[in-house]
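Heads up, the thing below is written out as structure tokens.
Below, all heavy atoms of this structure are taken into account, side chains as well, without hydrogens, waters or symmetry copies.
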Number of protein chains: 2
Amino acid sequence: MQKEQLFATLSEALAASDKRAIRAELEHMHAADFALAVDEFDAPLAAKLLDLLSLPDHADVFGYLDPQNQADIAESMPRNELAALFSQMESDERADLFNQLSKEQQQALLPGLAQAEREDVRKLASYPEKTAGAMMSSDYATLRSHWTVRKALQRLRLEAPDKETIYQTYVIDGDRHLVGTISLRELILSNPERLVSDIMLTEVLFVRVDEDQEDVSEKIRHYDLLALPVLDTAERLVGICTYDDAMDAVVEEATEDAQKSGSVAALDSTMDKVGKWELYRKRIGWLILLVFGSLLSGAGIAHYEAVIESHVALVFFMPLLVGSGGNAGSQAAALMVRALATGEVELKDWLGVLGREVLVAGGLGLTMGAVVASLGWFRGGPEIALVVTMAMICVVMAGSLIGLSLPFLLSRINLDPATASGPLVTTIVDATGMVIYLGFASFVLGLPIP
Amino acid sequence: MQKEQLFATLSEALAASDKRAIRAELEHMHAADFALAVDEFDAPLAAKLLDLLSLPDHADVFGYLDPQNQADIAESMPRNELAALFSQMESDERADLFNQLSKEQQQALLPGLAQAEREDVRKLASYPEKTAGAMMSSDYATLRSHWTVRKALQRLRLEAPDKETIYQTYVIDGDRHLVGTISLRELILSNPERLVSDIMLTEVLFVRVDEDQEDVSEKIRHYDLLALPVLDTAERLVGICTYDDAMDAVVEEATEDAQKSGSVAALDSTMDKVGKWELYRKRIGWLILLVFGSLLSGAGIAHYEAVIESHVALVFFMPLLVGSGGNAGSQAAALMVRALATGEVELKDWLGVLGREVLVAGGLGLTMGAVVASLGWFRGGPEIALVVTMAMICVVMAGSLIGLSLPFLLSRINLDPATASGPLVTTIVDATGMVIYLGFASFVLGLPIP
């Protein structure tokens with residue numbers, strides 16, 4: 001609601017080039033909300049609109065825009081304005097934007113930046129996506145161990161405006177090796193004459209530049225940290241990852257896993273902005289791949305065609321049996337995929353959870369068998385009832401154990417366990433269930449096994 | 001690895017009642033990691049172990065234990081020790097623990113607490129689960145608007161040891177109404193003689209006690225906040241929700257949604273600790289419910305039994321067609337469930353995304369139709385090829401549109417859209433697909449529609 005209203009107000013003000021009205025809106029609202037409305041404008045208009053803000057406000061709002069929009073707007077900005085914006089942006093956001101620009105734009109932009117900024121952008125933009133290096137900010141505050149608390153606080157006051165956080169600071173030696181950490185809370189509680197080395201914590205948690213963003217976020221969450229220092233291969237401090245970026249990463253990873261659980265390749269855009277072509281591309285691959293899985297079920301049916309022809313009533317129970325196996329398998333897979341993602345369960349726990357699952361699946365199978373026994377009797381007589389009940393117990397157990405094991409198996413061969421999606425499990429379990437069901441049927445109904 | 005090793009070391013030290021050895025371990029490790037090993041002990045032993053720590057360390061480690069273990073350990077602690085522990089714990093963790101205790105324990109514990117603590121525990125424990133009230137801490141720092149910055153900093157120094165955070169503080173009037181907020185960064189950058197009222201932000205973001213924890217977390221994430229103040233119905237400040245609790249809530253909600261996406265009712269415990277009986281209970285309900293869905297597919301089959309009997313080759317393609325529809329539906333549902341959960345898409349966007357999906361699903365259907373056309377020809381001749389191709393296009397489109405719409409439909413009637421799980425979508429789409437497929441077949445193969 002608010003967004004639509006703001007969009008209308010801004011459109012009007014922009015048409016009238018009413019700088020004052022636009023600035024007044026931002027005055028009493030958070031930049032993140034202002035950005036939501038700016039995201040609705042086409043790039044050239046958005047660029048014009050942002051140009052009417054003060055440079056710090058411009059940079060602030062810009063940082064909250066959709067990454068794709070940032071790149072589009074940057075494209076329609078004069079080179080010198082873009083350079084000015086760059087120097088106002090936070091280091092990690094700046095590097096992300098840089099990576100979104102075309103090669104030509106990157107080349108055109110770099111000469112316009114101050115040398116230190118240029119090197120910072122180049123370095124931060126060079127780390128692979130989804131690593132600590134790509135996630136980190138280079139705007140962190142450092143102290144030296146021989147400083148007094150008084151001097152440390154003085155320096156922090158000077159540096160505060162340019163740093164992402166001054167609440168957690170890092171103590172380094174002459175080679176930028178990390179020797180300690182100290183919080184602002186501890187600093188202001190300490191006697192100003194004490195040395196930083198006396199009050200700093202020397203056992204510092206850290207991550208490496210190439211560590212996965214998932215692990216970084218999990219560490220920040222597990223230890224309730226504000227920020228986590230990042231070291232390069234030479235053990236030098238090169239950046240910090242902050243809790244707000246960790247939280248974004250957690251949401252991003254959960255979205256990816258949810259998409260994979262539905263057999264969709266991870267999308268590059270959000271669902272409100274994604275294009276038809278991207279949606280098609282990210283879905284068709286799995287759909288076609290799963291066709292070949294379904295052919296296995298078909299092959300099972302072809303193999304037992306004689307049994308089916310002589311007892312067409314068997315077809316009636318196919319969706320029920322095969323479906324139940326797939327459902328039990330999807331349950332087990334969903335539980336395991338998430339447990340592996342959160343670290344509640346690890347690869348080495350496979351046997352343990354498998355043992356538990358045998359009992360749980362046995363219980364589920366017996367219950368489900370009881371449910372379908374009477375259905376089978378009613379619809380096809382005692383023999384069909386026997387087939388259906390026995391098949392149900394086996395199919396539910398087989399489905400559960402396959403669904404539980406698949407994520408571990410994928411993880412074992414270094415694939416993402418989230419790929420053990422419902423559709424994949426369903427397809428595999430369907431084929432297995434079909435063979436179990438028709439195998440039982442041809443055995444019990446006394447026909448020779450073909 | 002580390003955990004198992006620590007467990008062994010602690011077991012030994014505990015057997016020898018070696019207090020020094022136990023404290024030495026905690027000395028160079030984070031309480032969160034120490035807690036992981038303590039979680040492995042049986043409650044009475046864990047209680048004994050914790051008893052060998054200093055009280056502040058005890059409270060610190062205790063706060064990181066598994067909630068169920070906290071309750072078990074509390075049960076085996078003498079009443080006065082538990083009361084001492086309570087007064088050292090953080091207010092939000094304390095309230096959560098209180099809610100885990102039995103009625104008798106709660107009654108036994110309360111008289112041992114100081115009056116202020118008793119009221120704080122009672123109040124915080126009274127809010128319903130998963131609301132801002134249940135999530136919040138009452139250990140926040142407040143300032144008055146007429147104070148100077150110097151006085152504000154002095155007060156913060158005094159209060160710092162007992163507050164969850166002093167980095168964001170809240171300015172209240174005599175009736176505890178929230179009138180502003182100010183960060184420690186701003187305070188230490190300001191002239192000590194200025195008034196708090198001059199530098200505080202007066203547009204403060206806040207939540208109500210009864211707001212959902214999902215909304216609280218999303219606000220903290222959207223605005224990159226350290227903490228969010230919580231107001232009661234009389235507009236009084238009663239607590240703060242902090243970023244670390246928000247991050248835990250985000251993970252908890254994602255886990256619940258992942259479980260629901262596999263048709264498992266949300267578990268109360270983590271997967272490494274959950275019991276067989278709980279797993280059975282949380283899964284059997286959906287499995288049985290879905291049986292009735294599968295019966296619809298069975299009914300479809302029964303209705304067209306004549307066609308099947310005369311063309312058994314049709315059965316071969318059943319898993320392929322019905323499965324593909326289910327897969328396309330699962331994809332669409334997974335995308336929408338997550339987009340609704342993150343707020344990328346809202347209820348009012350239904351028609352818009354449905355329009356896009358018609359085109360995407362059309363493309364998917366045509367591609368899939370082309371894939372199976374030759375299969376149909378090869379296996380059953382031109383007529384079967386026609387049936388299979390036409391049915392595939394329709395089934396994939398129908399599956400996608402049902403999968404996309406189900407989460408919206410559930411959301412519309414105030415149910416959790418995450419319940420539109422893969423298995424539910426698959427079951428509904430299977431029945432639809434079966435009728436489409438056999439309907440086409442009986443039409444094209446020239447048999448009278450029964």
Side-chain angles (χ1 to χ4, degrees), chain A residues 28 30 32 157 160 167 185 188-189 203 221-224 243-244 247 250 254-255 258 261-264 270-272 276 279-280 283-284 287-288 290-291 294 297-298 301-302 305 309 312 315-316 319-320 323 327 330-331 334-335 338-339 344-345 356 359-360 363-364 367-368 371 422-423 430, chain B residues 28 30 32 157 160 167 185 188-189 203 221-224 243-244 247 250 254-255 258 261-264 270-272 276 279-280 283-284 287-288 290-291 294 297-298 301-302 305 309 312 315-316 319-320 323 327 330-331 334-335 338-339 344-345 356 359-360 363-364 367-368 371 422-423 430:
Chain A
H28 60 86
H30 196 285
R157 267 192 208 99
Y167 297 145
R185 186 197 288 239
I188 66 169
L189 284 176
E203 308 248 354
R221 187 178 82 86
H222 179 63
Y223 298 112
D224 292 341
Y243 72 96
D244 51 328
M247 207 154 158
V250 164
T255 299
S261 83
S263 287
V264 180
T270 52
M271 273 310 281
D272 47 337
K276 298 177 194 76
L279 271 179
Y280 173 84
R283 291 169 64 179
I284 192 68
L287 283 183
I288 292 182
L290 292 169
V291 160
S294 302
S297 292
I301 290 174
E305 211 164 80
E309 266 178 356
V312 177
V315 182
F316 174 82
L320 182 60
N327 294 339
S330 295
Q331 289 183 329
L335 288 172
R338 185 64 191 163
E344 285 169 22
V345 163
R356 179 175 68 189
L359 293 171
V360 173
L364 294 173
T367 314
M368 295 292 285
V371 168
D430 277 6
Chain B
H28 61 86
H30 196 285
R157 270 194 205 97
Y167 297 144
R185 186 199 286 239
I188 65 168
L189 284 177
E203 309 248 354
R221 187 177 82 86
H222 180 63
Y223 298 111
D224 293 341
Y243 73 95
D244 50 328
M247 207 152 157
V250 164
T255 298
S261 82
S263 288
V264 180
T270 53
M271 272 310 282
D272 48 335
K276 297 178 194 73
L279 271 179
Y280 173 84
R283 290 169 64 178
I284 192 67
L287 283 183
I288 293 181
L290 291 170
V291 160
S294 302
S297 292
I301 290 173
E305 212 163 79
E309 266 179 354
V312 177
V315 181
F316 174 83
L320 182 60
N327 294 339
S330 296
Q331 290 183 328
L335 289 173
R338 184 64 191 163
E344 285 170 19
V345 163
R356 179 175 68 190
L359 292 172
V360 174
L364 295 173
T367 313
M368 296 292 285
V371 169
D430 277 6

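In terms of heavy-atom proximity, Arg356(A) sits nearest to Met271(B) at NH2-O, 3.0 Å. When all heavy atoms of Arg157(A) and Ile188(B) are compared, the closest pair comes out as NE-O, 2.9 Å. Between Pro319(B) and Gly298(A), the shortest heavy-atom contact is CG-N, 4.0 Å. The shortest non-hydrogen separation linking Tyr223(B) to Ala32(A) is CD2-CB, 4.0 Å. Contact detail for Leu189(A) and Ala160(B): the closest heavy-atom pair is CD1-CB, 3.9 Å. Counting all heavy atoms, side chain and backbone alike, Ala302(A) lies closest to Phe316(B) at CB-CD1, 4.1 Å.
Using a 4.5 Å cut-off between heavy atoms, Gln331(A) contacts chain B through both its backbone and its side chain. Within the 4.5 angstrom heavy-atom criterion, only side-chain atoms of Val371(A), from C-beta onward, approach chain B. For chain A, the nearby parts of Leu320(B) are the backbone and the side chain; heavy atoms of each come within less than 4.5 Å. Proximity to chain A is absent for every atom of Asp430(B), based on heavy atoms less than 4.5 angstrom apart. Only the side chain of Val345(A) comes within less than 4.5 Å of a heavy atom of chain B; its backbone N, CA, C and O stay farther away. For Leu287(A), the parts lying under 4.5 angstrom from a heavy atom of chain B are both the backbone and the side chain.
Counting only heavy atoms from C-beta outward, the side chains of Ile288(B) and Met368(A) approach each other to under 4.5 Å. Looking at heavy atoms from C-beta onward, Asn327(A) lies out of side-chain contact with Ser263(B) at the 4.5 angstrom threshold.
Here Ser330(A) is the residue among Ser261(A), Gly422(A), Ser330(A), Gly323(A) with the most heavy-atom pairs under 4.5 Å with chain B. When Glu309(A), His222(A), Arg185(A) are compared by the number of non-hydrogen pairs under 4.5 Å with chain B, Arg185(A) comes out ahead.
In this view, Thr255(A) and Val251(A), Gln259(A), Arg338(B), Thr342(B) satisfy the side-chain contact (heavy atoms from CB on, under 4.5 Å) rule, not counting sequence neighbours. Residues that satisfy the ring-ring contact (aromatic ring centres under 6.0 Å, His included) test with Tyr167(B), not counting sequence neighbours, are Tyr167(A).
A distance of 4.5 Å separates OG1 in Thr270(A) from CD in Glu344(B), rounded to the nearest 0.5 Å.
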